[in-house]
**Q** 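Here it is, the structure, as structure tokens.
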Amino acid sequence: PSISALTNLNDLNLRYNQLTTIPSSLLALKNLNRIDLSDNKLIIIPSSLSALTNLIELNLSVNQLTTVPSSISALTNLNVLDLSCNQLIT
């Protein structure tokens, strides 16, 4: 079964997995409150991530991000956003 079948999941830790993209299957997990994607190789935050409106904490530290999409502002319940140790220029 796909991870998208875990519809009651509220905390997901994908730290240290060498991910280069955020799996689109995560977008089906509407009950997620916390996602830890730190210490991967992400280069982009997809604007579709804004569909996860229940997110309270999003950790994207220690990746290779250079920008943050304006769509991140749609995550109005977000209390913690960690973008440290990236290569942000804008």
Side-chain angles (χ1 to χ4, degrees):
S2 169
I3 195 168
S4 61
L6 303 173
T7 56
N8 291 319
L9 192 66
N10 59 32
D11 191 330
L12 180 61
N13 187 336
L14 292 171
R15 191 173 190 180
Y16 295 114
N17 279 290
Q18 299 187 15
L19 296 173
T20 56
T21 60
I22 297 175
S24 59
S25 57
L26 295 186
L27 302 176
L29 303 175
K30 302 295 184 188
N31 289 319
L32 279 178
N33 294 320
R34 182 180 176 278
I35 302 176
D36 187 345
L37 289 161
S38 62
D39 294 286
N40 280 289
K41 297 179 185 287
L42 300 173
I43 57 171
I44 191 168
I45 304 168
S47 59
S48 54
L49 193 66
S50 64
L52 298 176
T53 56
N54 287 322
L55 278 182
I56 295 170
E57 184 174 334
L58 177 58
N59 188 342
L60 293 165
S61 64
V62 194
N63 277 286
Q64 298 170 8
L65 301 170
T66 56
T67 62
V68 179
S70 60
S71 60
I72 204 100
S73 64
L75 299 174
T76 57
N77 290 315
L78 205 58
N79 289 323
V80 177
L81 174 61
D82 190 346
L83 296 167
S84 61
C85 298
N86 278 287
Q87 301 166 12
L88 297 175
I89 53 175
T90 59

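Predicted, not measured: the structure shown is a model, and the values here were computed from it.
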**Q** After noting the C-alpha distance and the side-chain angles of Thr21 and Ile44, does the key distance pass the side-chain contact (heavy atoms from CB on, under 4.5 Å) rule?
**A** CA-CA 7 Å; Thr21 60; Ile44 191 168; 5.5 Å; no
**Q** Should the heavy atoms of other residues, nucleotides or ligands under 6.0 Å from CD1 of Ile43 be counted, would the total exceed 12?
**A**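 Counting neighbours around CD1 of Ile43, 12 or fewer heavy atoms of other residues, nucleotides or ligands fall under 6.0 Å, so no.
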**Q** In Å, rounded to the nearest 0.5 Å, how long is the span from CZ of Arg15 to CG of Leu37?
**A**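 If I round to the nearest 0.5 Å, the distance is 11.0 Å.
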**Q** Under a 4.5 Å side-chain heavy-atom rule over Ile, Leu, Val, Met, Phe, Trp and Tyr, are Tyr16 and Ile35 clustered together?
**A**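 No.
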**Q** Kindly give the heavy-atom pair with the smallest separation between Asn40 and Leu14, and that separation in Å.
**A**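 So the minimum-distance heavy-atom pair works out to ND2-O, 3.0 Å.
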**Q** Is it true that Leu83 and Val62 fall in one hydrophobic cluster, defined by side-chain heavy atoms closer than 4.5 Å?
**A**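 No; tracing contacts between hydrophobic side chains, which count when under 4.5 Å, never links both residues.
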**Q** For the side chain of Asn59 and the backbone of Ser61, is there at least one donor-acceptor N/O pair under 3.5 Å apart?
**A**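 Yes, because the side chain of Asn59 sits within donor-acceptor range (under 3.5 Å) of the backbone of Ser61.
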**Q** Do Leu9 and Leu32 pass the side-chain contact (heavy atoms from CB on, under 4.5 Å) test, and can you show the C-alpha distance, the side-chain angles, and the key distance before you say yes or no?
**A** CA-CA 6 Å; Leu9 192 66; Leu32 279 178; 4.1 Å; yes
**Q** Once rounded to the nearest 0.5 Å, what's the spacing between atom CG of Leu52 and atom CG of Leu12?
**A** 10.0 Å
**Q** Rounded to the nearest 0.5 Å, how far does OG of Ser38 lie from CG of Asn63?
**A**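 Atom-to-atom, Asn63:CG and Ser38:OG are 7.5 Å apart.
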**Q** Applying the 4.5 Å side-chain criterion to the ILVMFWY set and letting contacts propagate, would Leu65 and Leu81 be lumped into a single cluster?
**A**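 Yes; tracing contacts between hydrophobic side chains, which count when under 4.5 Å, links both residues.
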**Q** Hey, could you give me the CG/OG1 distance between Leu78 and Thr53, rounded to the nearest 0.5 Å?
**A** 11.0 Å
**Q** Got more than 12 heavy atoms from elsewhere within 6.0 Å of CD1, Ile72?
**A** yes
**Q** Looking only at heavy atoms, which two atoms of Ala28 and Ser4 are closest? And how far apart?
**A**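 Distance-wise, the nearest heavy atoms are CB-CB, 3.6 Å.
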**Q** Applying a strict under-4.5 Å side-chain criterion to I, L, V, M, F, W and Y, I'd like to know whether Leu29 and Leu60 cluster together.
**A**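 Yes.
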**Q** Nearest 0.5 Å please: distance from the OG1 atom of Thr76 over to the CG atom of Asn54.
**A**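 Going from the OG1 atom of Thr76 to the CG atom of Asn54 covers 9.0 Å.
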**Q** Would a single hydrophobic cluster contain both Ile56 and Leu75, if residues Ile, Leu, Val, Met, Phe, Trp and Tyr are joined by side-chain heavy-atom contacts under 4.5 Å?
**A** no
**Q** In Å, rounded to the nearest 0.5 Å, how long is the span from CG of Leu58 to CG of Asp82?
**A** 9.0 Å
**Q** Write down the atom of Ser71, the atom of Ser50, and the distance for their closest heavy-atom approach.
**A**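 Heavy atoms of Ser71 and Ser50 come nearest at O-CB, 3.3 Å.
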